[in-house]
Amino acid sequence: MDLLTVACVLGVSAAVALLLKLRARLQLSKAKHPSLRGHSRMARRVARLVPFYEYDETRLFGSDGAPAEIAGHRREGFLRLAALYGARFAETARLTAEAETSISDAQFTDTYRVPFQYTRFVRRHLKSGTFLAASRGVTVTDLDGNVFHDLTGSYGVNVFGYDFYKECMRAGAARVEDLGPVLGSYHPVVAANVRRLRQISGLDEVSFHMSGTEAVMQAVRLARYHTRRSHLVRFCGAYHGWWGDVQPGVGNPAPAHETYTLEEMDGDTLRVLRTRRDIACVLVNPLQALHPNANAPGDAALVDSSRSARFDRAAYTAWLRQLRDVCTERGIVLLFDEVFVGFRLAPGGAQEYFGVPADLVTYGKTLGGGLPVGVLCGRKQLMKRFRDDRPADICFARGTFNSHPAVMGAMHEFLERIEQPAIRALYANLDEVWDGRARQLNERLETEGLPVRVANLSSIWTVCYTRPSRYNWMLQYYLRAEGLALSWVGTGRLIFSLNYTGADFAAVAEKFVAAARTMQQDGFWWSDGTLTNQAIKRRILHEMVLVHLGRWTASRPAGHAPARSARPA
Ligand SMILES: Cc1ncc(COP(=O)(O)O)c(C=O)c1O
């Protein structure tokens with residue numbers, strides 16, 4: 001072969017390689033969700049550009065362009081609510097104010113309850129309080145003695161009712177009392193727990209960790225170790241804990257270079273899985289079935305009424321089957337992250353509920369019987385942390401408090417108790433019960449002409465809004481005034497424990513409707529019919545541009561008082 005031929009062959013090979021690379025890149029781009037959520041790096045850049053500004057009292061109640069009369073009406077309603085909060089939650093608010101300045105987590109959650117333009121004013125007047133004194137049945141009690149129906153679900157931990165977990169904690173502590181704080185060796189309950197977890201998961205081995213985040217970290221590390229591939233695939237919007245690799249977008253200051261965030265329930269994603277050779281594992285959070293590709297819904301992002309959710313079991317099952325097939329075909333590890341939904345949808349978790357087996361499954365939250373835990377179950381060949389033929393090539397994972405006797409004791413009680421007929425009975429017609437309750441509430445809301453609906457995945461609910469509005473986030477405060485306890489994400493996530501009886505639920509529905517009715521009467525859902533979600537977003541964008549240009553105060557709508565507190569940070 002002469003030199004020219006060699007050069008030609010090399011040139012053609014390089015061109016082909018380049019084309020293949022370009023095609024792979026293009027395929028990857030097509031498999032990203034078109035939203036900012038689907039583009040982590042860009043989302044982080046955009047987030048950095050969002051300037052702080054806030055509404056003064058006048059603008060705050062007319063930020064949707066409502067006439068002064070409506071804004072005044074809203075203001076009166078708000079101040080009535082503030083007076084009620086001041087009187088009813090005094091001690092809880094006092095201790096919160098005192099302690100919060102030194103608890104960074106509480107500062108964060110309290111700041112991100114509502115869109116930032118309203119937050120300081122709302123925090124000043126509607127002091128929610130982060131302290132509680134007691135829990136019983138389906139209720140929690142604050143420091144002022146107010147009893148609330150609990151819809152926080154303790155971040156999803158509370159599946160069977162707080163008393164159930166108190167029993168697990170008490171009996172578990174008694175069971176391991178003799179061993180006490182000894183670590184490194186196992187209390188015998190560990191062996192029993194492993195036995196049960198293997199049955200429940202249908203998988204061979206188990207590892208114990210301190211949190212769901214850690215269990216996911218370990219799962220991904222093992223998948224990378226055994227496949228010798230670099231990348232994990234997570235789906236747009238899905239939460240898998242706060243470890244950097246599974247949280248590549250806003251919230252994590254460092255880029256996650258070995259994470260692909262792809263669109264869920266999408267053919268292009270399957271194509272990427274079928275063709276790329278660097279994918280070690282795919283992470284599925286089955287909670288996303290309620291709102292595929294959307295972030296966990298929080299009221300801080302509730303700037304308009306575009307939040308939407310709808311669970312389609314058949315469609316999600318079909319998607320998981322397709323994922324299962326492509327992962328099997330390509331040797332990709334399929335991980336179900338059941339930290340949230342495990343034990344809530346079915347005794348055997350999402351694998352049983354959707355009828356699709358995974359290679360690795362993470363559990364957490366409720367499994368600790370009220371104590372902190374993360375658990376990974378997996379197929380034998382994936383769980384192994386060393387290679388028989390390469391003794392120095394190990395996959396390290398330890399943790400001082402893993403398998404702590406207190407946690408293992410409470411877990412043991414949990415795993416025993418969920419076998420009891422009373423608990424088994426709760427699962428019998430779970431979907432009918434919770435879908436029926438959601439339907440019932442929606443019918444009431446519709447009959448009353450209230451622009452609110454709920455959507456649910458079994459006992460996990462989210463609130464959606466049918467009329468474009470900038471004030472939907474106010475509903476969380478009306479709900480609290482009626483005696484419903486919500487987590488810091490507000491109406492984005494309502495979590496019921498399965499021990500809610502029909503009567504308990506009827507009381508919640510009553511309170512829910514009453515809250516929405518008062519909010520409607522106070523004018524927060526006023527609309528002249530021209531406001532759209534798009535128009536709201538445009539207005540906010542316009543405000544931000546004005547802040548950047550230093551012309552924010554000049555932008556007041558005619559007839560409004562000066563925006564005294566407009567202070568870009
Ligand atoms: C699906 C999922 N994975 C992982 C985690 C992280 O668990 P933890 O908060 O125990 O670290 C969570 C927490 O909400 C979760 O919902």
Side-chain angles (χ1 to χ4, degrees), residues 105 109 132 135 138-140 148-166 168-169 200 209-216 237-243 246-247 283-291 294-299 309 311 336-354 361-376 407 410-411 414-415 417-418 423 426-427 430-431 434 438 454-463 484-500 508:
D105 197 38
T109 52
L132 288 173
S135 65
V138 294
T139 66
V140 288
F148 300 85
H149 276 98
D150 181 69
L151 303 181
T152 71
S154 282
Y155 293 125
V157 167
N158 185 13
V159 178
F160 300 111
Y162 289 122
D163 300 317
F164 174 95
Y165 297 91
K166 284 183 194 174
C168 291
M169 288 163 73
I200 289 166
H209 307 272
M210 286 303 295
S211 67
T213 300
E214 282 184 68
V216 171
Y239 185 67
H240 296 283
W242 65 280
W243 169 49
V246 291
Q247 203 207 16
L283 275 57
V284 174
N285 177 355
L287 173 60
Q288 291 299 109
L290 181 57
H291 42 63
N295 285 340
D299 282 2
F311 172 50
F336 280 7
D337 180 359
E338 300 206 32
V339 169
F340 200 112
V341 300
F343 302 94
R344 188 173 276 277
L345 302 179
Q351 290 192 100
E352 177 184 330
Y353 185 76
F354 292 106
V361 179
T362 48
Y363 302 103
K365 295 194 191 265
T366 194
L367 177 57
L371 294 183
V373 81
V375 169
L376 172 64
V407 177
M411 183 189 291
F414 174 91
L415 290 170
R417 279 170 169 71
I418 61 171
I423 296 291
L426 289 174
Y427 287 115
L430 210 50
D431 277 1
W434 290 100
V454 293
N456 71 303
L457 166 59
S458 201
S459 54
I460 307 164
W461 292 27
T462 189
V463 180
L484 298 180
L486 269 52
S487 71
W488 70 281
V489 299
T491 64
R493 187 83 79 230
L494 313 182
I495 305 169
F496 291 90
S497 47
L498 304 187
N499 62 326
Y500 261 88
V508 168

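Values below: every heavy atom of this structure, side chains too, minus hydrogens, waters and symmetry copies.
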With sequence neighbours left out, write down each residue that passes side chain to side chain donor-acceptor pair (under 3.5 Å) with Tyr165, or none if nothing qualifies.
Thr366
Once rounded to the nearest 0.5 Å, what's the spacing between atom NE2 of His291 and atom CZ of Arg493?
4.0 Å
Output, in order, the C-alpha distance, side-chain angles, deciding distance and verdict of side-chain contact (heavy atoms from CB on, under 4.5 Å) for Asn499 and Val138.
CA-CA 7 Å; Asn499 62 326; Val138 294; 3.7 Å; yes
On a heavy-atom basis, which atom in Ile200 and which in Pro347 lie closest, and how many Å separate them?
CG2-O, 3.7 Å
Who pairs with Thr109 by side chain to side chain donor-acceptor pair (under 3.5 Å), at least two apart in sequence or on another chain?
none
With no hydrogens and no angle check, do the side chains of Tyr162 and Ser154 hold a donor and an acceptor under 3.5 Å apart?
yes
For Tyr500, check ring pair (Phe, Tyr, Trp, His ring centres under 6.0 Å) against everything at least two apart and list the hits.
Phe496
In Å, rounded to the nearest 0.5 Å, how long is the span from CD1 of Ile423 to CZ of Phe343?
12.5 Å
Rounded at 0.5 Å granularity, tell me how far OH in Tyr363 sits from CE in Met411.
11.5 Å
So, Asn158 side chain and Ser497 main chain: donor-acceptor pair closer than 3.5 Å or not?
no
Please report the shortest heavy-atom distance between Pro297 and Thr462, naming the atom on each side.
CG-OG1, 3.6 Å
Heavy-atom check, side chain of Phe354 versus side chain of Leu345, under 4.5 Å:
yes
If you look at every heavy atom in Leu290 and Ala455, which pair is closest and at what distance?
CD1-C, 4.1 Å
For Thr491, what residues pass the side chain to side chain donor-acceptor pair (under 3.5 Å) criterion, not counting sequence neighbours?
Asp299, Arg307, Tyr465
Output all residues satisfying side chain to side chain contact (heavy atoms under 4.5 Å, CB included) with Ala438, sequence neighbours left out; order by chain, then residue number.
Val454, Asn456, Trp461
Partners passing side chain to side chain donor-acceptor pair (under 3.5 Å) against Thr152 (at least two apart in sequence or in another chain)
Asp150
Could you report the tightest heavy-atom contact between Phe148 and Ala485, atom names first, then the distance?
CB-CB, 3.7 Å
Treating Gln247 as the side-chain partner and His240 as the backbone partner, does any N or O pair qualify as donor plus acceptor under 3.5 Å?
no
Among residues at least two apart in sequence or on other chains, which ones pass side chain to side chain contact (heavy atoms under 4.5 Å, CB included) with Asn295?
Arg37
Could you go step by step and tell me if Arg344 and Ser458 meet the side-chain contact (heavy atoms from CB on, under 4.5 Å) rule?
CA-CA 8 Å; Arg344 188 173 276 277; Ser458 201; 5.7 Å; no
Any residue meeting side chain to side chain contact (heavy atoms under 4.5 Å, CB included) with Ala215, in chain and number order, not counting sequence neighbours:
His209, Thr362
Check ring pair (Phe, Tyr, Trp, His ring centres under 6.0 Å) between Phe164 and all other residues, then give those that pass, not counting sequence neighbours.
Phe160, Phe414
With a 4.5 Å limit on heavy-atom distance, are the side chains of Val159 and Leu426 in contact?
no
CD1 (Ile418) and CG (Leu367) are apart, to the nearest 0.5 Å, by 8.0 Å
Which atom names give the shortest non-hydrogen contact between Cys168 and Gly369, and what distance separates them?
CB-O, 3.5 Å
Mind running side-chain contact (heavy atoms from CB on, under 4.5 Å) on Asp431 and Tyr353 for me, showing each step along the way?
CA-CA 11 Å; Asp431 277 1; Tyr353 185 76; 2.5 Å; yes
How long is the gap from CH2 on Trp242 to OG on Ser211, to the nearest 0.5 Å?
8.5 Å
Residue pair Ser459 / Leu498, side-chain heavy-atom distance below 4.5 Å
yes
Contact between Asp337 and Leu283 at the side-chain level, heavy atoms closer than 4.5 Å - yes or no?
no
My understanding is that only residues two or more places apart in sequence, or in another chain, count here; which of them pass side chain to side chain contact (heavy atoms under 4.5 Å, CB included) with Tyr155?
Lys365, Trp488
Closest heavy-atom contact between Ala294 and Gln288?
O-NE2, 2.9 Å
